[in-house]
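The structure appears below as structure tokens.
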Amino acid sequence: MSKLSNWTDYNQKEREYIYTRDNYECVYCHSTYNLQVMHIFLSRAQMGHGVRQNGCLGCINCHSLIDNSIGNNNRLEGIKRLDYCKKYLIEKENIQDVDKLIKELRFKKW
């Protein structure tokens with residue numbers, strides 16, 4: 001596995017923490033089916049670190065709207081859900097400085 005893949009993946013310890021913290025349900029719609037750990041502040045495509053401060057549980061439908069929304073209505077709904085997840089993580093993980101966190105979450109090549 002590459003360094004980048006290891007950086008962006010959630011390890012088992014982080015996954016267990018996130019599932020427990022989020023009560024084994026989607027943080028937005030509270031579904032308990034088809035759950036996935038979502039990158040929130042910095043996506044995997046943007047080389048975001050797979051850590052608890054950057055992830056929360058989402059059902060496949062909410063995750064799809066956040067990551068791949070198509071059409072204006074879906075895009076607005078995806079933004080709404082992403083904003084909700086960011087506020088959720090700021091509260092749950094006691095994040096004081098979002099800009100600093102985002103810098104720490106980014107993969108550094110060197």
query = Using 4.0 Å as the upper bound for N to carboxylate O, is an ion pair formed by Lys87 and Glu91?
reply = no
inquiry  = Please give me the minimum heavy-atom distance between Ile66 and Cys85, naming the atom from each residue.
reply    = CD1-SG, 4.1 Å
request  = Answer yes or no: does atom CZ of Arg106 have more than 12 heavy-atom neighbours from other residues, nucleotides or ligands under 6.0 Å?
outcome  = no
request  = State, yes or no, whether a side-chain contact exists between Phe107 and His49 at a heavy-atom distance under 4.5 Å.
outcome  = no
task = Using a strict 4.0 Å threshold on nitrogen-to-oxygen distance, state whether Arg44 and Asp9 make a salt bridge.
result = yes
message = For the SG atom of Cys26 and the CE atom of Met38, what is their distance to the nearest 0.5 Å?
response = 5.5 Å
ask   = Do Tyr19 and Tyr10 sit in the same hydrophobic cluster, where Ile, Leu, Val, Met, Phe, Trp and Tyr count as joined when their side-chain heavy atoms come under 4.5 Å apart?
value = yes
remark   = Output for pair (Phe41 CZ, Leu101 CG), nearest 0.5 Å, gives 6.0 Å
query = What's the spacing between Asp83 CG and Arg81 CZ if we round to 0.5 Å?
reply = 12.5 Å
ask   = Strictly by modelled atom types, are Asn34 and Gln36 linked by a side-chain donor-acceptor pair under 3.5 Å?
value = no
ask   = What distance separates Leu42 CG from Gln53 CD, expressed to the nearest 0.5 Å?
value = 13.0 Å
inquiry  = Working note: Arg21 + Tyr88, criterion side chain to side chain contact (heavy atoms under 4.5 Å, CB included); need CA distance, chi angles, decisive distance, verdict.
reply    = CA-CA 11 Å; Arg21 181 197 63 206; Tyr88 174 85; 4.2 Å; yes
